[in-house]
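Below is one structure, written out as structure tokens; comments come after it.
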Amino acid sequence: MILNAPGSGPDSPVCSAKACRADAVWVLAWNNPKLHTPERRKTWLACEEHREHLSQFLGVRGFLKDVVPLGEWDGAEPARRGEE
């Protein structure tokens, strides 16, 4: 482990983008209406660099429900890396 590197702490949430290890600063709440009940929210985490890309990926599929700063996230489910 490299000390002081982004995401290097055991509790440091990291971006859900493939191969990205940067600290997450955004929560992207989403829902696949074919699989989930309307109130269910799955989460992806995003760094500044990947927020727009991940939002667009979910948005074009009609899955994106909300984008919230990580510090303000108060979802019923904990935010996890790459949860599907």
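This one's a predicted model, so the numbers in the text were calculated from it and none came from an experiment. Both backbone and side-chain heavy atoms feed into the values below; hydrogens, waters and symmetry mates do not.
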### Those residues that, when tested against Asp66, pass side chain to side chain contact (heavy atoms under 4.5 Å, CB included) (two or more places apart)
Ala29, Val68
## Note on the structure
Taken in chain and number order and not counting sequence neighbours, the residues that satisfy side chain to side chain contact (heavy atoms under 4.5 Å, CB included) with Pro69 are Trp26, Glu72
### Message
List the residues meeting side chain to side chain donor-acceptor pair (under 3.5 Å) with Glu39, not counting sequence neighbours, and say none if there are none.
### Response
Thr37
### Summary
Taken to the nearest 0.5 Å, the spacing of Leu28 CG from Phe63 CZ works out to 13.5 Å
### Over all atoms of both residues, closest heavy-atom pair of Cys15 and Cys47
SG-N, 3.4 Å
### Query
What's the spacing between His36 NE2 and Lys42 NZ if we round to 0.5 Å?
5.0 Å
### Message
Any side-chain to backbone donor/acceptor pair from Ser16 onto Leu45? Under 3.5 Å, distance only.
### Response
yes
### Task
Of all the heavy-atom pairs spanning Asn31 and Lys65, show the shortest one and how long it is.
CB-CE, 3.7 Å
Scan the side chains in residues 49-58 for donor-acceptor partners under 3.5 Å anywhere in the protein, sequence neighbours excluded, and list what turns up.
{"from": "Glu52", "atom 1": "OE2", "to": "Gln56", "atom 2": "NE2", "distance (Å)": "3.1"}
{"from": "Ser55", "atom 1": "OG", "to": "Arg51", "atom 2": "O", "distance (Å)": "2.8"}

